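Quick caveat: nothing in here was measured; it's all calculated off a predicted structure.
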Amino acid sequence: MSAMINDAETQEPRSQSPEAREAYLTALTYVERLHRRLLDVIKDELDRSGSVEINSVQALLLYNIGDQEMTAGELRTRGHYLGSNVSYNLKKLVESGYINHQRSESDRRSVRVRLTQKGRDVCDTINDLYNRHVDTIAEVGDVSQDELESINKTLNKLERFWTDQIRFRL
């Protein structure tokens, strides 16, 4: 039995094409860079609209809450935020008047949050930005709807792949 385990442990990794490795690593770089660039675009829009009181991560958090009422835990699972980031940013947004919070009636440990009018105004700013992008992405960005749908399918598959890596410890 131990000989089998040693053989498995010393097995060479499966051969992979250098091109496949390069394509995967390039995709990872793009995913990271695109998220940072989105935050830059949001920050620029906030600056233009005079909303200098909050940062782009907080504005995106407000946008993801939208018209819903939810807990920090729901924000973490739906938006894939880190727990400490959500708690810190929610606290700052409550203090700044962008979010109202209230203890849940059924579970006193849980706090439900929803946007104030000030928070909805930021949400509207981000929504207007996204609408402008939708109107111009084909002409200015040379990105078609078909290309967007294709990349969305690919990104969804990549998300499922990474989720399975964690869930099944592959």
*Those residues that, when tested against Asp128, pass salt bridge (charged side-chain N to carboxylate O under 4.0 Å, His left out) (two or more places apart)*: none

*If only atom types and distance count, is the side chain of Asn152 paired as donor or acceptor with the main-chain N or O of Leu148 below 3.5 Å?*
yes

*Could you tell me whether a side-chain N or O of Glu139 sits under 3.5 Å from a main-chain N or O of Thr136, the two making a donor and an acceptor?*
no

*Between Tyr24 and Gln16, does any side-chain donor sit less than 3.5 Å from a side-chain acceptor?*
no

*Would you check if the side chain of Thr116 reaches a backbone N or O of Tyr98 as a donor-acceptor pair within less than 3.5 Å?*
yes

_Donor-acceptor contact below 3.5 Å, side chain Asn64 vs main chain Leu60_ = yes

*Can you measure from OG1 (Thr154) to CD (Glu149) and round to the nearest 0.5 angstrom?*
12.0 Å

_Flag, side chain of Ser96 to backbone of Leu93, donor-acceptor distance under 3.5 Å_ = no

_Looking at Thr163 and Glu159, would you say the former's side chain and the latter's main chain have a donor-acceptor pair under 3.5 Å?_
yes

*Hey, is Glu74 close enough to Arg112 for a salt bridge, meaning N to O under 4.0 Å?*
yes

*Of the non-hydrogen atoms in Glu147 and Val143, which two are nearest, and what is the gap between them?*
OE1-CA, 3.3 Å

*Looking only at non-hydrogen atoms, find the nearest pair between His101 and Val113 and report the distance.*
CB-CG1, 3.9 Å

*Non-neighbouring partners of Asp124 that pass salt bridge (charged side-chain N to carboxylate O under 4.0 Å, His left out), sequence neighbours left out*: none

*Of all heavy-atom pairs between Leu115 and Gly66, which one has the smallest distance, and what is that distance?*
CD1-O, 3.2 Å

*Between Ile126 and Val57, is there a shared hydrophobic cluster once you connect ILVMFWY residues whose side-chain heavy atoms come closer than 4.5 Å?*
yes

*Sorted by first residue and then second, give each salt bridge (charged side-chain N to carboxylate O under 4.0 Å, His left out) pair with at least one member in residues 21-36; sequence neighbours left out.*
none

*So, does Ser56 use its side chain to make a donor-acceptor pair with the main chain of Ile42 at under 3.5 Å?*
no

_Between Lys118 and Asp121 (salt bridge meaning N to carboxylate O under 4.0 Å), is one present in this structure?_
no

*Specify the closest pair of heavy atoms between Ala59 and Val122, including all atoms of both residues, with the distance to one decimal.*
CB-CG1, 3.9 Å

*Are Lys43 and Asp47 ion-paired here, with the side-chain N under 4.0 Å from a carboxylate O?*
yes

